Protein chains: 2
Amino acid sequence: VRVWVPYDDFATELRALGAQADVYTGMGSDPATVDDVEILVAPYMLPGETLAVAARMPKLRIIQMLTAGYEQAMPYLPDGVTLCNARGVHDASTAELTIGLVIASLRGIDRFARAQLSQQWLHGPRPALADKTVLILGFGSVGKAIEKRLVPFETSIIRVARSARPDENVHGRDELDLLLPAADVVIVTTPLTEETAGMVDAAFLARMKDGALFVNVARGGVAVTDALVAELESGRLSAALDVTDPEPLPADHPLWRAPGTLISPHVGGNSSAFLPRAKRLIVSQVRRFIAGEQVENVVAGPRWPH
Amino acid sequence: VRVWVPYDDFATELRALGAQADVYTGMGSDPATVDDVEILVAPYMLPGETLAVAARMPKLRIIQMLTAGYEQAMPYLPDGVTLCNARGVHDASTAELTIGLVIASLRGIDRFARAQLSQQWLHGPRPALADKTVLILGFGSVGKAIEKRLVPFETSIIRVARSARPDENVHGRDELDLLLPAADVVIVTTPLTEETAGMVDAAFLARMKDGALFVNVARGGVAVTDALVAELESGRLSAALDVTDPEPLPADHPLWRAPGTLISPHVGGNSSAFLPRAKRLIVSQVRRFIAGEQVENVVAGPRWPH
């Protein structure tokens, strides 16, 4: 099997499996013949156009993404080719950032970091994560990874997903009106879809209890920014946001200076945890391909093998 | 039994057990007769002199601290009275702050918080906690609480205590020279004793690997500040410090502006997690006293009951 991958290190590992592996970074000319490429791994964090090369690959079977999202690949997916996403690859990175944002916001680490600039020792009591009720909205791969890390922190956890799954103790989104007032911390991890766009609106935020913390590690568009800014400026809620709408947040946007707001610049998945986990996925997929086993994470096109 | 406690809420709970409970805050006059007080709970975060009243209590059996440290109580402990500390009460609070400091420092949350002031979006890759080797130096109550919270974060953990406990997979401090170079993160949680004062000196820091993170949630005096400042100013190590020497850190101290340094103002135990856990300990101790069972956490004086 010939595979195109975006990193040298991946290619080395795949050759050890017996694959022919070429490094395709998405920039510059073709690394080798396109004639017998069967698996194309999409370059990370580059636009969908880097997949236009797929149209010239007569034997292509699989396009493998390195992101959970795959909308950008759809226009370039040839008929009959299988598209796989990277579900799970970013979980560890995103989940640990989420826990870090929650603790930083509650315990005041962001304030302490800013107070260092003026050399101020801001001693005083702060809310702890311990004993808090944390609502996780979006109980997929990232939501579960967040919960797994939260468990030892002596919190109560409320799981909410699109539809209730009573056997997993997961509530449905239609129960949010009743559940939101119980939560001290609300963490949103849903994908951005037509259904979730603007889901965190003024009414949603109004159901949250006074002093609660809103955490967005999903997509900025899941929340209505103006409604969020209004609650933050009133001082009723606080927020920790790895994603915003718009993004990047322009200078002079009111979110930057809203009280009780901690903003990280969409770095949930952008850490040293990414490459080892991405490599494990690619190696596993190519091994399955060689062995004739079903590849995982199929999100469009036929299953492979058919 | 008559008990003096520093909070109304504790007194209410103890009365429900059948105790006579008076609120003694350590300030102002005696709340009631001292003649039949058997248990005195030390006011929190006040000097040892608040325990001078013990000398006027002829039936006193137990002084109960709300801190792990108890040195400040020793001059006021009457002969034959049992002294108990609050081992465990601060674990949840200190351990969660520790995890927060580690993630904040590695993932750059402190930098993002400062960048908010200038409205800068600092997107870019950062080290993750996942895949790191974390050395916990001091494997008592707090060290174990930190480990318990670290476990789901996909790290490797090295346990080090004063003496090796091979059955618990704990290394002895005499092995540090070999262990330090393997750690990406070194967390110190030891008590401050003659043995540990200045333990983190230039030689200790020199054994840490390039780019490693030093975390102190023990006491400032466990580290030699000048040696730490030198490593931080060189940029070879970074640090997250909840404690410093001196403390509070004076304005213009070089630690405030050392690169890669995150400072929180000794707030490990100072959170909403404290009161509920302190109350559970006091209720448990008074219940044991009433039932004639051994009280826990005896650190000086005779066991009770004798």
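Proteins come first, then strands; the chains are lettered A, B, ... in the order of their sequence lines, and each starts at number 1. No experiment lies behind these values; they were computed from the predicted model shown.
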Visitor: Which one of A/P125, A/S272, A/S118, A/P265 has the most heavy-atom pairs closer than 4.5 Å to chain B?
Guide: A/P265
Visitor: Show me the donor-acceptor pairs within less than 3.5 Å that the side chains of residues 223-231 of chain B make with the rest of the protein, sequence neighbours left out.
Guide:
unit_1, atom_1, unit_2, atom_2, d
B/T225, OG1, B/D245, O, 2.6
B/E231, OE1, B/R236, NE, 3.0
B/E231, OE2, B/R236, NH2, 3.3

Visitor: Does atom CZ (B/R277) have a neighbourhood of more than 12 heavy atoms from anything else shown, all under 6.0 Å?
Guide: yes
Visitor: Pick from A/A273, A/G269, A/G124: which one has the most heavy-atom pairs with chain B under 4.5 Å?
Guide: A/G124
Visitor: Suppose the criterion is side-chain hydrogen bond (donor to acceptor under 3.5 Å, both in side chains): which pairs have a residue in residues 246-258 of chain B, not counting sequence neighbours?
Guide: B/E247-B/H266
Visitor: Using non-hydrogen atoms and a limit below 4.5 Å, what part of residues 150-158 of chain B faces chain A?
Guide: B/P152, B/F153, B/E154
Visitor: What are the two closest non-hydrogen atoms of B/A128 and A/S271, and how far apart are they?
Guide: CB-OG, 3.3 Å
Visitor: Please determine whether the number of non-hydrogen atoms from other residues, nucleotides or ligands lying under 6.0 Å from atom CG of B/D9 exceeds 12.
Guide: yes
Visitor: For the interface with chain A, which of B/K132, B/R126, B/R149 has the highest count of heavy-atom pairs at distances below 4.5 Å?
Guide: B/R149
Visitor: More than 12 heavy atoms of other residues, nucleotides or ligands under 6.0 Å from CZ of A/R219: is that the case?
Guide: no
Visitor: Which residues in residues 90-117 of chain B have a heavy atom less than 4.5 Å from any heavy atom of chain A?
Guide: B/A92, B/S93, B/E96, B/L97, B/I99, B/G100, B/L101, B/I103, B/A104, B/R107, B/I109, B/D110, B/F112, B/A113, B/R114, B/Q116, B/L117
Visitor: B/P250 versus chain A, heavy atoms under 4.5 Å apart: side chain, backbone, both or neither?
Guide: neither
